[in-house]
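Remember, it's a predicted structure, so these values are computed and weren't measured experimentally.
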Amino acid sequence: MKESIRQESRTFGTLADEAAEYAARKGAISEKKLSRALGIFRPTAAKLLAAFVVAGAAREIGRGKFAFLPAAYRPTDGGAEGYLPLAETDAAFSEVGVRGYLKGTLLPALKIGLTYGSLSVIFLERKMSVGYERAHEVYDLIAVAGLLGEEDGQNPGRRLLTLSPARYDELYAEVNAE
C-alpha cells in the first residue's frame, strides 16, 4: 500500500515567502500553478493559498483562481516554528482544496484561538483532536498568516491570536458563501 502522506523539504515560512514572490509577479494564481512553480505538492499549495486568504493577501476570483494582493502580505517574521509541512498525495487531497481546507481546518482552529485568546501546538492538538504533526502544521499556517502575536503571559508556551472577531466573521462569510 502506498503511503499517502509525506513531508515537503522546505518549511512553511520559506514556502510562503517563495509563493508570495511568485504570486506578486503573476497577479492571479491557483493551486496547480503554484505547485508547479515551486515544485511542491498541490495540497501544500492549497494550504499556502488558504493561509494567504486568512491573512487577507489573496481572494478568490472564481474557479480555483486567486488574486494576490502583494501590499497585504507580510513576509514571515519567525512566528512559524520551522516545521516541514505534511503533503498528502494529490489524489488524497483532491476533494478538499483551498476552500475545504479553510472550512475544515483553519477556520475551526481560528475559532479555538478566538475562544481562548491564544494558541499553541499542543493546545490545538487537544482541542482539534488531531495528531501533533497536523496541529503543528495548522499552527505554522496561522503564523504564516501573521495572526500570532506575543507570548501569552497567563499561559506559558501559547501565543496570543491577533485576529479580531469581526475579521473572523468576514472570513467565515466569505468562505461559506456559495
Side chains of [X] and [Y]: does their closest heavy-atom pair fall under 4.5 Å?
X	Y	result
L148	T162	no
T105	M128	yes
Y101	L141	yes
E60	V53	no

Separation between [atom1] of [X] and [atom2] of [Y], rounded to the nearest 0.5 Å:
X	Y	atom1	atom2	result
L163	Y168	CG	OH	9.0 Å
L160	D152	CG	CG	4.5 Å
L124	I142	CG	CD1	5.5 Å
L119	K127	CG	NZ	11.5 Å
L106	L171	CG	CG	9.5 Å
L15	K47	CG	NZ	11.5 Å

- Determine, using ring centers only, whether F52 and F66 are less than 6.0 Å apart. no
- Message: Quick one: does any side-chain atom of R159 pair with a main-chain N or O of E151 as donor and acceptor, under 3.5 Å?
- Response: no
- Query: Does E31 reach the main-chain N or O of V98 with its side chain, forming a donor-acceptor pair under 3.5 Å?
  - Reply: yes
What's the shortest heavy-atom distance between [X] and [Y], and which atoms?
X	Y	result
V175	K103	CG1-CG, 3.3 Å
L114	S164	CD2-C, 4.2 Å
A72	A57	CB-CA, 3.8 Å
S30	G64	CB-O, 3.4 Å
V138	A109	CG1-CB, 3.5 Å

- So with a 6.0 Å cut-off around OH of Y172, is the heavy-atom count from everything else above 12? no
- Message: For E125, I'd like to know if atom CD has over 12 heavy atoms of other residues, nucleotides or ligands within 6.0 Å.
- Response: yes
Does [X] share a hydrophobic cluster with [Y], counting links as ILVMFWY side-chain heavy atoms below 4.5 Å and allowing steps through other members?
X	Y	result
F68	Y22	yes
V130	L102	yes
V144	L107	yes

